Colleague: 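The structure's right below; bear with me while I get my questions together.
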2 protein chains.
Amino acid sequence: MIQELTTYFGHIFEDALLHEINQVGTFKEVSEGSTLIEIGQYIKSMPLLVTGVIKVLREDSHGDELLLYFLENGDTCAMTLSCCMGQTKSEVRAIAETDSKLVMIPVQKMEEWLAQYKSWRNYVLETYHSRLNELLETVDSIAFLKMDERLLKYLHDKTRVTNDRIIHNTHQEIAYDLHTSRVVVSRLLKKLENMGKLELHRSHITMVTH
Amino acid sequence: MIQELTTYFGHIFEDALLHEINQVGTFKEVSEGSTLIEIGQYIKSMPLLVTGVIKVLREDSHGDELLLYFLENGDTCAMTLSCCMGQTKSEVRAIAETDSKLVMIPVQKMEEWLAQYKSWRNYVLETYHSRLNELLETVDSIAFLKMDERLLKYLHDKTRVTNDRIIHNTHQEIAYDLHTSRVVVSRLLKKLENMGKLELHRSHITMVTH
DNA sequence: CCTAGGAAGTAACAATGGTTACATTGCCAT
DNA sequence: ATGGCAATGTAACCATTGTTACTTCCTAGG
């Protein structure tokens, strides 16, 4: 396990901390679609994302979803961090967008390390910083963009995190993430196709490189 | 100054830290409407809010605004925290909603204190935690509520933070905060008045207690 | 090869919110 | 008291998004 740890976190953490993580952390592989964190759940251990993509969702009062942001290599979920520290329930759902590898850290270690390791403090603060900024970007999208622009941004974000210009999702799945209806997504996708920004196929979309 | 510090922060910080804050902090009074932090600005010192209310805003590409949340006694701006640590520009604007008293802390002290004081670490983490949750609530409002519900929530939030069921704002000012137009606000306020939830007057609104 | 069911296309309509334009009202300063 | 201006009321219209109700198309599994 130390191998993948040093590869992905070696430039972030001190050696002593890497060793501790190696000691107390649990390696975990999850496959696409599996739920890592559920709303209302107490968090017993914090996930560091080694490889893969995780999507973080919010749920409304009817059980409908809204994508907040994607997590990539080296990221961790600030909401989770937040829950761990405060011993509160999770306010979000986290789902593996692709097959992913994680290192799970027991909660009690986290506070110790905050006092002990400067690199851990920086990592935690940096995590909060980027997650706040990502949430701000999410607010921008929802508040300031029209649905067609949000859709296009969503598709671009998706190609970026998966590093694949083919998006393997149905219109219904996209509609869930954007908190709208399948018909609206189909309508706007067709418009974007006519504008030459993408190609529509059954169960997948190919983004046109610009 | 130590007087107001102990009153409002005595239960949060250790004595030694309170003394340090007293040493290095600068007391500052600002009046309603003054801008504390501007978008794009680098932060040289971090404000602790002693008394008053601060509103935190986001701006779109046309310069139009959107209220993110209010800060109250004992709060600080997580976005600012975040900027201090990362030496990045502010992504938000902060404006005094009422006359307010602040203690300004030089940035370089903050990192020292993180290593040194457990109460400071807890405060910083707690701040991030609540700000993240407030941003999530903002996302909920924008994404899941219709404009009339958002408006009512806004008015209730406002009465809560100012502890005054009379809201001293014009429809235009409310429209700016909600990122909509004055006509829409007037229309919906009139609807809410007909529903018996509030009374409209010139330049102020009285909320009906339910 | 055929068929059932999921996925996508599309039309028609409703609801919400944004925009323009103008009328009315209250209030302050002179 | 009154003229002027900011604040509010309101109507009419438009654009966007949501909804319903179909049809058509594709593909996996028999």
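Predicted model only: the values in this text are computed from it and were never measured. Chain letters run A, B, ... following the sequence lines, proteins first and then strands; every chain starts at 1.
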Colleague: Parallel, tilted or perpendicular: which describes the rings of A:W113 and A:W120, with under 30° parallel and over 60° perpendicular?
Modeller: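 Taking A:W120 first and then A:W113, their aromatic rings stand perpendicular (interplane angle over 60°).
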Colleague: Rounding to an integer number of Å, can you tell me how far B:K191 NZ sits from C:dG17 C1'?
Modeller: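 To the nearest whole Å, that distance equals 11 Å.
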Colleague: Is B:S181 touching bases, backbone alone, or none of the nucleic acid, heavy atoms closer than 4.0 Å?
Modeller: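 Touches a base.
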Colleague: Can you check the A:K146 NZ to C:dT19 C1' distance for me, whole Å?
Modeller: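 Between C1' of C:dT19 and NZ of A:K146: 13 Å.
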Colleague: I need the minimum non-hydrogen distance between B:L67 and B:T138, along with the two atoms involved.
Modeller: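 In terms of heavy atoms, the two residues are closest at O-CG2, 4.1 Å.
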Colleague: Quickly work out the B:R150 CZ to C:dG17 P distance and round it to whole Å.
Modeller: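 Going from B:R150 (CZ) to C:dG17 (P), I get 9 Å.
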Colleague: Reckon A:L189 touches a base, only the sugar-phosphate, or nothing at all at heavy-atom distances under 4.0 Å?
Modeller: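 It contacts nothing in the nucleic acid.
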Colleague: Given the structure, check if the side chain of A:R182 and the base of C:dG6 hold any donor-acceptor pair shorter than 3.5 Å.
Modeller: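 A donor-acceptor contact between them is absent.
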Colleague: Could you give the CG-to-P distance, from A:L178 to D:dT17, as a whole number of Å?
Modeller: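 To the nearest whole Å, that distance equals 11 Å.
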Colleague: If you assign A:H201 and B:V183 each to the DNA chain C nucleotide with the nearest heavy atom, which residue ends up on the more 5' nucleotide?
Modeller: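 Of the two residues, A:H201 wins.
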Colleague: Let me know the distance between CE of A:M147 and C1' of D:dA15, rounded to the nearest Å.
Modeller: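 After rounding, the reported distance stands at 14 Å.
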Colleague: Counting only side-chain nitrogens and oxygens, does A:H171 get under 4.0 Å of the OP1 or OP2 atom of C:dG9?
Modeller: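 Checking A:H171 against C:dG9: at least one side-chain N or O falls below 4.0 Å of OP1 or OP2.
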Colleague: Between D:dT10 atom C1' and B:K190 atom NZ, what is the distance in whole Å?
Modeller: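 For the pair B:K190 NZ and D:dT10 C1', the rounded distance is 10 Å.
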Colleague: State which of D:dG18, D:dA7, D:dG9 makes the closest approach to the side chain of B:S186.
Modeller: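 Nearest to the side-chain atoms of B:S186, counting from C-beta on, is D:dG9.
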Colleague: Would you say the side chains of B:R182 and B:S186 form a donor-acceptor pair under 3.5 Å?
Modeller: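 Result is yes, a qualifying pair exists.
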Colleague: Should we say atom NZ of B:K153 is surrounded by more than 12 heavy atoms from elsewhere, each under 6.0 Å from it?
Modeller: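 Atom NZ in B:K153 is crowded, with more than 12 foreign heavy atoms closer than 6.0 Å.
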Colleague: Give the nucleotide from the list C:dG9, D:dA7, D:dC26 with an atom nearest to the side chain of A:L200.
Modeller: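 The answer is C:dG9, which lies nearest to the side chain.
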Colleague: Between atom NE2 in A:H204 and atom P in D:dT27, what is the gap in whole Å?
Modeller: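 From A:H204 NE2 to D:dT27 P: 9 Å.
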Colleague: B:R187 has an atom CZ; how far is it from atom P of C:dG18, in whole Å?
Modeller: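 One finds 9 Å between P of C:dG18 and CZ of B:R187, rounded.
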Colleague: Give a yes-or-no answer on whether the side chains of A:D177 and A:Y154 include a donor-acceptor pair shorter than 3.5 Å.
Modeller: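 Their side chains do contain a donor-acceptor pair, which is all the 3.5 Å distance test asks for.
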